[in-house]
Every structure is written in C-alpha cells, then in structure tokens.
Amino acid sequence: MIQLIRGFRDILPDDIQVWQTIEQTAAALLEDFGFREIRIPIMERTEVFARSIGEDTDIVEKEMYTFADRKGELITLRPEATASIVRSYVQHKMYASDPVQKFYVIGPMFRRERPQKGRFRQFYQINAEIFGVASPLADVELILLLSTLFDRLQVDDVQAHINSLGCPGCRPAYRKALSEFLADKDEALCSDCRRRRGRNPLRVLDCKVPACRETVATAPAILDYLCADCRQDFDTVQSFLNQLNVPYRVDRRLVRGLDYYARTTFEMQTGSLGAQSAVAGGGRYDGLVKQLGGPDQPATGFAIGLDRLAEIVGSRQPGQPGKPALFVAALGQRCQNEAFLWLCRLNLEGVPVEMDFNDRSLKSQMKLADKRKADHVLIFGEDERRKQSVILRNMKTKEQVLLPIKGLVEKLIEKIRS
Ligand code: HAM
C-alpha cells in the first residue's frame, strides 16, 4: 500500500464541515470589510520567498521545498502567501488604479518542519492583506477582524499578542544593543543562533531552543528603542483596540519568524494546542512592495493557520455527515433505471437524494436508508411500476402514501419541503 508523505495528510469528509464553516465565516467577514479574493499559484521562483522572508530565517534556510525544474530554474512550493501576493500586486500594477487594495487568499502552504501536533508540512492558511494604507488603523482593522472571527466561531481561548518591531530608522540602534547583549553569550546559544547573531540578531529572539529562549529572557526589548513615530503608531493601535473592546496583551518578546515586518506585529495565541500556540500571525511590512520591484507602498496583513483553528473548532463541534432528504429503494434493473432519472432531477433541484445501485432486497435497502438517517424513502418495485405509482414512506411518522409517477418529481419536492 502506498502511504502519503510524512507531514502531509488527508482531510476526510467527516472533518471537512468544520473547515468549510471556518472558510465561509472568514470569507463573509472579510468581504464585509472590503477584501476581495485572489488566487495565486502554489509555486513561485525561489527568489520571491528568499528575498522577502529573509535568508537567515528557518523558513528559507531549512524549510522550503525548492527544486530545479527541467530547465534548471529554481522554484519553490510556497511556504507562505504574502510574498506571492506582493509579487502579484506589483506584476499586475494593481496600485496604478488605486494603491489601496485589500485581498484575501485561502490555500495550502508548504514548510518542511518537524511534524507534530498542530504542525504539518502541508498546511492551510487564510491570508488577508491591505496595501497602500500607512495608517495604524489598518493594523487595528486586522486585529479586530481576527478577534471577531474567533468570536463568531465561538473560540474563546485565544488572545491577541501585539508588539512593535520599529522601523528602519530606529531598529539599527536596537540591533546594536541586542548584538552587544548577545556578544558574550555564544556558549548559551545553539549553533544557528551563534551563526545568525552577528548578521541578524533579531532571529535569536525567535529561536525555539529552550537554552536560547532562556538566554534572551533578559535581552533588551525593542519597545524601549522605538522612535517617536513608531511609538505614536503603537499607541494609536492600542488606543483603538481599547475603544473597540478588543482584548490584547503587549508582548515585548514577539518577533515573528519572517524578516519583512516593521512596526506593529501580532499573533493570536491559544493555550489549547500545546507547543503550537499561534493560531494566526501578521503585521506591517511596509518595505516589501518596493523590495520586490514595486512602488514605495505600505502594507499590512495576517495569516490564520486553518489546521490549528479547525482543530480547536472541531473539538467543540464535531462534524456530522450530511443526511439525505430522500432515499430511493428501487427494485430490479428496470425500476432502478427509471428511478435514477428522478434522482438526478431531484439532486439538480437541490434536494439531497441517495439510492442503492447494488440491486439489494427491499429489507436491506430499508436498513441502509435507516443508517443514512434519511427523512423519507421512496419504494419502487415492479408492482408499483405496473400501477404507475410509487410508495413514499415518512421514516419518522412511518406513514406511507401512494403517489402517481406522473408529475412525481414536482410532488416529491413539495412533500419533502413542506
Ligand atoms: P506565520 O506566522 O509564519 O506567518 O504563519 C501564520 C500561521 O500559519 C501561524 O500562526 C500558524 O497558525 C500557521 N502555521 C504556520 N506554520 C504551520 C505549520 N507548519 N503547520 C500548521 N500551521 C502552520 C505568515 O505566514 C505570514 N505570511 C503572515 C502574514 C500575512 N503577515 C503579513 N501578512
């Protein structure tokens, strides 16, 4: 038997209901706030991700599925969607008609991480991105959206953690202070952090190795180094979250795993998923559009981890298989052929109908209808066919009526919907 690849999984029909509920709830909310769906490819040239996520990040260093295609061009299965969305915004000059654009994308991402609970190598995200708005109110809108979505899905064990990562103006002073702090701590750091601390000391703050976490616990915090503009932005975010009654926590250690962020960043964290506490993450990435060849337009956004959210929602509302409104028990080939046409017409009218195609006895077909929890069963055998009628049995009341074949589909719709 061929098995699926480690870290990949099938999402089976019993689980899909929760996924659909989340996707539909999120899409409806995002559309209400003016976001429009776009669909982007699953693969991009490697440089789209390498240049934006950052060469020193775990994602780019170790987790990307990158390979040369038959012509030797390096391509990568997308580890995230933001860089691709920026590529699309720039490539199609979407800023030309109006720099302010709001998009959402739902789909799979690929990272070769160590699989564990809540962490997969193919996982799904719902991304929302706002381009062309420098105001911190866009960040407020995103955090409000996340908080509202979790409320609507009745997920209460989630809280917004927010931080500011400063801007190219104030971050160098912080980097210097952090570098100095880390300078004599090599022995306490993992080999990745020892290598990264010179070039990109902020990455050390994001390391998951316990010894590194302990070492940086007393490191200087970027909030103490913000310039006046960044400070004011961050204060505005907090003030509006307060006015909108969105609960949040200022988390001075939050740095996120991607290099493109500046100013406000945030994560939605939960206590119900063990080590994988982030159900969503995002923030402002003002320099990225320009870096990928576009105009100097600000941007901000988030991504929700659908697998993690589905796990939380699913544990509260287990999916129920859909049940048919009508089960057709047709006996013998001739009756089945005729009934099949009714089934197709009813399905096309939006009435969920099922039928057994295996020519079983009436008794076993009735058992099947019972198992599928059908509301009604239509019985059609040679006797009925001769009389040009069918028997409709209400499975709850056990009441049976005889209906003529002439005008049957219309009559059934009327009965089932009444
Ligand atoms: P991220 O924090 O890397 O951000 O991912 C966002 C969310 O995706 C995480 O909070 C988590 O729920 C989920 N996730 C990440 N990796 C995995 C995995 N291996 N298995 C299951 N779930 C996972 C980004 O991707 C940014 N592009 C977000 C963003 C959008 N920033 C601005 N715009």
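Counting convention: from 1, in listed order, for ligands and their atoms alike.
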Closer than 4.0 angstrom, basic N to acidic O: yes or no for [X] and [Y]?
{"X": "Arg196", "Y": "Glu55", "value": "no"}
{"X": "Arg175", "Y": "Glu180", "value": "no"}
{"X": "Glu354", "Y": "Arg372", "value": "yes"}
{"X": "Glu141", "Y": "Lys102", "value": "yes"}
{"X": "Asp58", "Y": "Arg203", "value": "no"}
{"X": "Glu267", "Y": "Arg256", "value": "yes"}
{"X": "Arg197", "Y": "Asp186", "value": "yes"}

Check for me whether [X] has a heavy atom closer than 4.0 Å to any atom of ligand 1.
{"X": "Arg256", "answer": "yes"}
{"X": "Tyr260", "answer": "yes"}
{"X": "Asn127", "answer": "yes"}

Considering only the protein, which heavy-atom contact is closest to [atom], and what is its distance?
{"atom": "atom 21 (C) of ligand 1", "answer": "Gly118 O, 3.3 Å"}
{"atom": "atom 19 (N) of ligand 1", "answer": "Glu113 OE2, 2.7 Å"}
{"atom": "atom 30 (C) of ligand 1", "answer": "Thr82 OG1, 3.0 Å"}
{"atom": "atom 32 (C) of ligand 1", "answer": "Gly301 O, 3.2 Å"}
{"atom": "atom 12 (O) of ligand 1", "answer": "Ala278 O, 2.8 Å"}
{"atom": "atom 33 (N) of ligand 1", "answer": "Glu129 OE1, 2.8 Å"}
{"atom": "atom 13 (C) of ligand 1", "answer": "Gly305 CA, 3.6 Å"}
{"atom": "atom 6 (C) of ligand 1", "answer": "Gln125 NE2, 3.4 Å"}

Near [X], which atoms of ligand 1 are under 4.0 Å from a heavy atom of that residue?
{"X": "Val279", "result": "10 (O), 12 (O)"}
{"X": "Phe302", "result": "29 (C), 30 (C), 32 (C), 33 (N)"}
{"X": "Tyr261", "result": "26 (C), 28 (C), 29 (C), 31 (N), 32 (C)"}
{"X": "Glu80", "result": "25 (O), 26 (C), 27 (N)"}
{"X": "Tyr285", "result": "32 (C), 33 (N)"}
{"X": "Gly282", "result": "31 (N)"}
{"X": "Gly281", "result": "10 (O), 28 (C), 29 (C)"}
{"X": "Ala280", "result": "10 (O)"}

Proximity to ligand 1 by part of Glu267, non-hydrogen separation under 4.0 Å: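 Looking at Glu267 and ligand 1, no heavy atom falls under 4.0 Å.
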- prompt: Should the proximity of Leu258 to ligand 1, defined as any heavy atom under 4.0 Å, be assigned to the side chain, the backbone, both, or neither?
  reply: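 Contact part for Leu258 vs ligand 1: side chain (C-beta onward).
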message: Exactly one of Arg9, Gln122, Arg119 should register a side-chain hydrogen bond (donor to acceptor under 3.5 Å, both in side chains) with Asp307. Which one does?
response: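 So the option named by the test is Arg9.
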task: With the side chain counted from C-beta on, respond yes when Asp375 and Leu326 share a heavy-atom pair under 4.5 Å apart, and no when they do not.
output: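 A side-chain contact under 4.5 Å is absent here.
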- request: Scan residues 147-162 for pairs that pass salt bridge (Lys or Arg N to Asp or Glu O under 4.0 Å), counting only residues two or more places apart or in two chains.
  value: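 Applying salt bridge (Lys or Arg N to Asp or Glu O under 4.0 Å) to every pair that reaches into residues 147-162, excluding sequence neighbours, yields Asp156-Arg316.
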query: Does Thr300, backbone or side chain, put an N or O under 3.5 Å from an N or O of ligand 1?
result: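 Between Thr300 and ligand 1, no N or O pair is found under 3.5 Å apart.
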- prompt: Would you say Arg119 and ligand 1 have an N/O pair spaced under 3.5 Å apart?
  reply: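 No; every N/O pair is 3.5 Å or more apart.
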Looking at [X], I want to see if its [atom1] is surrounded by more than 12 non-hydrogen atoms of other residues, nucleotides or ligands under 6.0 Å.
{"X": "Gln91", "atom1": "CD", "answer": "yes"}
{"X": "Arg112", "atom1": "CZ", "answer": "no"}
{"X": "Met366", "atom1": "CE", "answer": "yes"}
{"X": "Lys371", "atom1": "NZ", "answer": "no"}

message: Please state which option from Phe123, Phe110, Phe120 has its nearest heavy atom closest to atom 14 (N) of ligand 1.
response: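 When every heavy atom of Phe123, Phe110, Phe120 is considered, Phe123 comes closest to atom 14 (N) of ligand 1.
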